[in-house]
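These notes are about the structure you will find just below.
This is a predicted model, so every value here is computed, not measured.
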Amino acid sequence: MKALILNGAKGGDAWMATIHRAVSKTMRAAGWELREFILADEPIADCMGCFGCWVKTPGVCVIPDLGRDVAEAVIGSDLLVLLTPVTFGGYSSILKKAIDRIIPLLSPFFMKIHGEVHHQGRYDRYPSFLGIGVMQSDDEESTRLFTTLIERNALNYQSTGKSLLVTRGEAIPSIEAKLAAMLNSAGGRS
Amino acid sequence: MSSIKKVLLLIGSPRAGRSVSNALGEYLVSQMAAPGVKQEKIFIQQALKKDPTGTILINAFADADIVLLAFPLYADSLPHPVIEAFELLSASSRENRQGQKSFAVLCNSGFPEAGQSRLALGMCRQFAKESGLAWKGGLAMGGGGALEGRDLDKAGGMARNIRKALQTAAAALAENRDVPAEAMNLMARPMMPTWLYLFMGNLGWRIRARRNGVGPKLCEKPYKTP
């Protein structure tokens, strides 16, 4: 099974680098084949909101940079791991830049899911989502927002999403144990 | 008498002046115009490209009594440049505590349901909380695609409720009051039946693709899957 880790930490964030190593180690031990992007190191342009990926070059972003590789890696994986400092309840700007660039994986056409309008899938199956959010300290509202964001982003891709929230300074073995338990149930493509 | 002397409008859409966010934001601040009240508008993405350290944004933000943000819904959240601006502004606010300024937002979604913006509004409220701003509320509308490229004044009867919502919100915000529930409810009302919006939307994608010579390729799957 293939997993993709998108790390949305700022460059030089030692704690996030520690968490990333723990996540990689735990996932490899569980038998996952990993591909990883440290997004802070990568020059990725902003989505321009031009819809060219739908009506000019269907399925591929019109910007020829690493954003295309990220989209291809997402659809080529069974599990998408979004590792990020929780930022106002959501993703860091670094991670969000990459997330904004994967909409070519969807079709422009509309459909209803559970009575709500979403875009149709371009592909038959999408990876499951696992959000690993790192918080400065416990915050009930941030936790609620992040958990909902992962669920709703997964729903956009007709998939399922789960979240693991940890706080800076939490013991690494404890984080590894929680992740290992989640991986047993995170599963593959939806 | 209002304490609002300087209004800062931030446009969060990468489509800048051509965006629905710009049309909504422009209309809102036009309703807040009054003698002695200064207004400034910044396109976030352009400002960050010009000055990645965020100084332009931070200085304008520091000067304002009320900051209004208009943005499109991107993947249940805010577009990347808006989150980057939030990160810079929040850090600056924590370092330079001044008098508490007010913050309100306008979110437009391409989906017909205004409720799809609830999560993004929650993130804006969280930004306000973490940055020491007074949260004045958020207005969300669905079906933003129907307004594409139009001034709100020229959008006819379809945008009647949107204009009324923004007028009501502007009257409250100009006096530094919260956005009234009445304005939020009006803003969330569909501009047309959902079935018609979806029909027009789906037809529009086909027409645009055909014009670009890729009509038959609209549903292509260019990447391999496991």
Side-chain angles (χ1 to χ4, degrees), chain A residues 1-2 46-52 54-60 71-72 75-78 87-94 96-105 107-112 116-120 122-127 139 141-142 144-145 148-149 152-153 155-156 188-189, chain B residues 13-15 19 45 48-49 72 74-88 90 110-113 115-116 118-120 122-131 142 194 197-198 201-202 204-214 217-226:
Chain A
M1 298 271 271
K2 293 179 178 174
D46 281 335
C47 171
M48 301 184 291
C50 68
F51 301 123
W54 285 340
V55 297
K56 286 185 180 167
T57 54
V60 178
E72 186 170 11
I75 197 62
S77 64
D78 299 292
T87 306
F88 313 117
Y91 306 132
S92 68
S93 63
I94 290 170
K96 188 59 173 38
K97 190 192 280 194
I99 296 291
D100 286 348
R101 293 285 303 279
I102 66 172
I103 64 156
L105 300 178
S107 155
F109 296 117
F110 295 117
M111 66 180 291
K112 282 195 175 181
E116 191 179 72
V117 176
H118 292 266
H119 289 288
Q120 289 178 18
R122 180 177 295 279
Y123 295 88
D124 298 331
R125 284 170 170 262
Y126 289 89
D139 183 279
E141 182 62 2
S142 280
R144 188 189 68 78
L145 290 169
T148 310
L149 178 64
R152 288 193 59 82
N153 276 185
L155 180 65
N156 288 339
R189 299 174 80 79
Chain B
S13 172
R15 296 168 67 83
S19 65
Q45 189 185 43
L48 288 175
K49 269 191 181 154
Y74 267 35
D76 293 300
S77 173
L78 309 143
H80 154 260
V82 179
I83 299 176
E84 189 176 348
F86 276 8
E87 289 168 344
L88 292 164
S90 192
F111 296 119
E113 306 96 345
Q116 293 217 31
R118 203 174 295 126
L119 187 58
M123 291 174 188
C124 292
R125 193 175 56 238
Q126 187 68 13
F127 161 71
K129 184 177 121 185
E130 292 184 24
S131 309
T194 297
Y197 182 76
L198 299 184
N202 285 337
W205 297 123
R206 285 196 178 87
I207 291 170
R208 288 168 73 174
R210 206 172 299 147
R211 278 188 194 141
N212 292 320
V214 295
K217 296 180 176 177
L218 253 175
C219 296
E220 281 207 338
K221 300 176 174 67
Y223 300 132
K224 282 184 190 165
T225 56

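The structure places CD of A:E116 at 11.5 Å from OG1 of B:T194, a figure rounded to the nearest 0.5 Å. Here the OG atom belonging to A:S92 is positioned 8.5 Å from the NE2 atom belonging to B:H80, to the nearest 0.5 angstrom. To the nearest 0.5 Å, the span separating CD1 on A:I75 from NZ on B:K224 amounts to 14.0 Å. Atoms CD1 and CD1, from A:I94 and B:I83 in turn, are 11.5 Å apart once rounded to the nearest 0.5 Å.
Using cut-offs of 30° and 60° on the angle between ring planes, the pair B:F86 and A:F88 is perpendicular.
In this structure, the portions of A:N153 lying under 4.5 Å from any heavy atom of chain B include both its backbone and its side chain. Contacts between B:Q116 and chain A at a heavy-atom distance below 4.5 Å involve backbone atoms as well as side-chain atoms. Neither the backbone nor the side chain of B:R210 comes within less than 4.5 Å of any heavy atom of chain A. Both the backbone and the side chain of B:K221 come within contact range of chain A, with heavy atoms under 4.5 Å apart. Heavy atoms of B:E113 lying under 4.5 Å from chain A belong exclusively to its side chain. Residue B:I207 does not touch chain A at all, counting heavy-atom pairs closer than 4.5 Å. Residue A:Q120 does not touch chain B at all, counting heavy-atom pairs closer than 4.5 Å. For chain B, the nearby part of A:T87 is the side chain; its heavy atoms alone come within less than 4.5 Å.
The two atoms that bring B:L218 and A:F109 nearest to each other are CD1-CZ, 3.6 Å, heavy atoms only. Annotation for A:V60 and B:P222: closest pair CG2-CG, 3.7 Å, computed over non-hydrogen atoms. Counting all heavy atoms, side chain and backbone alike, A:D46 lies closest to B:P81 at OD2-CG, 3.7 Å. Closest of all the heavy-atom pairs between A:C50 and B:R15 is CA-NH1, 3.8 Å. Minimum interatomic distance between A:P58 and B:K217 (heavy atoms only, all atoms of both residues): CB-O, 3.2 Å.
Between the side chain of B:Y223 and the backbone N or O of A:L105 there is no donor-acceptor pair closer than 3.5 Å. In this structure, the side chain of A:K96 does not engage the main chain of B:A75 through any donor-acceptor pair within 3.5 Å.
When the candidates B:E87, B:R208, B:E220 are compared by the number of heavy-atom contacts under 4.5 Å with chain A, B:E87 comes out ahead. For chain B, the option among A:P104, A:S93, A:A98 with the highest count of heavy-atom pairs below 4.5 Å is A:S93. Interface remark: of the candidates A:S107, A:G89, A:G59, A:G59 forms the most heavy-atom pairs closer than 4.5 Å to chain B. Across A:D139, A:T57, A:L155, A:I102, the residue that shares the most heavy-atom pairs under 4.5 angstrom with chain B is A:D139.
Using a 4.5 Å cut-off on side-chain heavy atoms (C-beta onward), B:D76 and A:N156 make contact. Between A:Y91 and B:S77, the closest side-chain pair of non-hydrogen atoms is not below 4.5 Å. Taking 4.5 Å as the limit, some side-chain heavy atom of B:M123 sits within range of a side-chain heavy atom of A:L149.
Salt bridge annotation for A:E141-B:K129: absent, with no cationic side-chain nitrogen under 4.0 angstrom from a carboxylate oxygen.
Remark: A:F51 engages A:W54, B:W205 in a ring-ring contact (aromatic ring centres under 6.0 Å, His included) (not counting sequence neighbours). Annotation: salt bridge (charged side-chain N to carboxylate O under 4.0 Å, His left out) contacts of A:R122 (sequence neighbours excluded): none.
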Side chain to side chain contact (heavy atoms under 4.5 Å, CB included) between A:V117 and B:L198, intermediate numbers included: CA-CA 9 Å; A:V117 176; B:L198 299 184; 3.8 Å; yes

